[in-house]
Student: 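Below: one structure in structure tokens.
The chains referred to below are lettered A, B, ... by the order of the sequence lines, with proteins before strands, and numbering in each begins at 1. Because the structure is predicted, anything quoted here is derived from the model rather than measured.
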2 protein chains.
Amino acid sequence: MEKRRLILDAAVRVFARKGYHTSRVGDIAEEAGIAHGLLYHYFSSKEQVLETVFRENWSELLAAFARIEDSDEPASDQLDGIVKVLLRSWRNAPDLVRVMVREVARSPHLQGQVDEIREGFVTIQRVIERGQAEGSFRADLDARLASWIVYGSLEELLTGWVLGQLPDGDEDVAHAEATVLTFVQTALAADGRA
Amino acid sequence: MEKRRLILDAAVRVFARKGYHTSRVGDIAEEAGIAHGLLYHYFSSKEQVLETVFRENWSELLAAFARIEDSDEPASDQLDGIVKVLLRSWRNAPDLVRVMVREVARSPHLQGQVDEIREGFVTIQRVIERGQAEGSFRADLDARLASWIVYGSLEELLTGWVLGQLPDGDEDVAHAEATVLTFVQTALAADGRA
DNA sequence: GACGGCGTTGACTGTCCGTTCAACAGCGCA
DNA sequence: TGCGCTGTTGAACGGACAGTCAACGCCGTC
């Protein structure tokens, strides 16, 4: 396997296990099975490793969002799709979610990527606005704020799983997904119950 | 003023400005106007300073929650009250919220306080359950998950303000508050529109 | 079989910073 | 006046750790 990817994968595991600050460069190297000097052949610093992990994976998420947005489903189905993608990421890649939630999301580190995070919000916002325009979502709610509220709900559930405070068995996750979907769709629906 | 409090207040400002990890003990001491050695007369470590900041302020928040819960208002008003207390904390003590959101909330640091954080969730959960029992909230939503969703919404708005991504003028904050209230009450209401 | 360059190694450096500690100042008390 | 206690100081220590670098192995090329 390509060494660069090897290092990134190792970094995700190590960061997930010990947290970014407590992880030493040597830990990552050891996990990847290389000498720690080599890491500097592929990355300029420890921080750049974290940044790369974030950037490459977040952009995948954005791509998934974009595919959903570009589909011809009604807005409310698109919103469901986004919710599902985000929540299911926990079972798909728990280590990655751990790192994203704990180290990057509201990170004291790295300023630049704030814009990239925001792009996810904006997608949600656009979907909500389309729903409002189509008449399926109530139009009296600020779509931007609503997108933050929706995203916050999802991130908090992920956090609950990350911190081990919410049960995350198969049915638990499915149940959480169903609950958010009902919650959000009810709140946004143009007419009474969703 | 009592030196201990002086140090804590200085620490909040410094942590808010530079983040916990990037803040040196000397920075806190300088901000407090003392020699850095003195800090160890009052606290056993830099980490304990952060922990104390969290503990003492979070317990105040829990007390506010408890007062609301013990009032004889209907559950839906109590929930409104909780939302308002949390959101208004931003204008009341922005530095504190900065530290709480960025350093403590899903912290790689300090494990013990997870239980204290959880107590806030449980209060929200109880209020929701009471509303369900009273018949004003729909009973088919899992109250525990709903409490996480509600809290997540609020924390995300605070985060938006902390990171400077959401406008936080007087009217902006009021508008955000109104939006969350509508969103949450609509989602939870037993019958159609809130 | 010399050459060169890419990939790889790991000892070493330099620095940063949390923490310690010996000394001291002020003050109440006897 | 002397004793001791609490509060206070800042120089010094120690250890950790990110990042450097000189050397080396391997492999293709001429």
Student: Categorize A:S44 for me: base, sugar-phosphate, or nothing, with a 4.0 angstrom heavy-atom threshold over every strand shown.
Tutor: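 If one applies the 4.0 Å heavy-atom cut-off, A:S44 turns out to touch nothing in the nucleic acid.
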
Student: If the threshold is 4.0 Å, N to carboxylate O, is there a salt bridge linking A:R88 and A:E177?
Tutor: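 Salt bridge flag = yes for A:E177 with A:R88.
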
Student: Identify every side-chain donor-acceptor pair in residues 1-8 of chain B under 3.5 Å, counting partners at least two apart or on other chains, and give the distances.
Tutor:
{"from": "B:R4", "atom 1": "NH2", "to": "B:E56", "atom 2": "OE2", "distance (Å)": "2.3"}
{"from": "B:R5", "atom 1": "NH2", "to": "B:E56", "atom 2": "OE1", "distance (Å)": "3.3"}

Student: Between C:dT20 atom P and B:F43 atom CZ, what is the distance in whole Å?
Tutor: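 Going from CZ in B:F43 over to P in C:dT20 covers 15 Å.
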
Student: Would you check if A:E51 and A:V104 make a side-chain contact, meaning some heavy-atom pair closer than 4.5 Å?
Tutor: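 Answer no - side chains too far apart.
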
Student: Give me the first and last nucleotide of DNA chain D, going 5' to 3', that has any atom under 4.0 Å from a heavy atom of chain B.
Tutor: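 Contacts span D:dG7 to D:dA11, reading 5' to 3'.
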
Student: Quick one: do the A:S136 and A:S76 side chains pair a donor with an acceptor below 3.5 Å?
Tutor: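 Per modelled atom types, A:S136 and A:S76 side chains form no pair under 3.5 Å.
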
Student: Is a side-chain donor-acceptor pair under 3.5 Å present for A:R102 with A:T159?
Tutor: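 Side-chain D/A pair, A:T159 to A:R102: absent.
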
Student: Just to be sure I understand the rule, does B:Y42 reach a base, reach only the sugar-phosphate, or reach nothing, if contact means heavy atoms closer than 4.0 Å?
Tutor: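 Sugar-phosphate only.
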
Student: Looking at every non-hydrogen atom in both residues, tell me the closest pair between A:F121 and B:E156 and how far apart they are.
Tutor: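 That closest heavy-atom pairing would be CZ-OE2, 3.4 Å.
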
Student: List, with names and distances, any nitrogen or oxygen atoms from the protein found under 3.5 Å away from nitrogen or oxygen atoms belonging to nucleotides 10-13 of chain C.
Tutor:
{"from": "C:dA11", "atom 1": "N6", "to": "A:H36", "atom 2": "NE2", "distance (Å)": "3.1"}

Student: Just by distance, with hydrogens left out, do B:Q132 and B:D140 show a side-chain donor and acceptor under 3.5 Å apart?
Tutor: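 Their side chains do not contain a donor-acceptor pair, so the 3.5 Å distance test is not met.
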
Student: Under 4.0 Å: is that the gap between some side-chain N or O of A:H41 and OP1 or OP2 of C:dT8?
Tutor: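 No, outside the criterion.
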
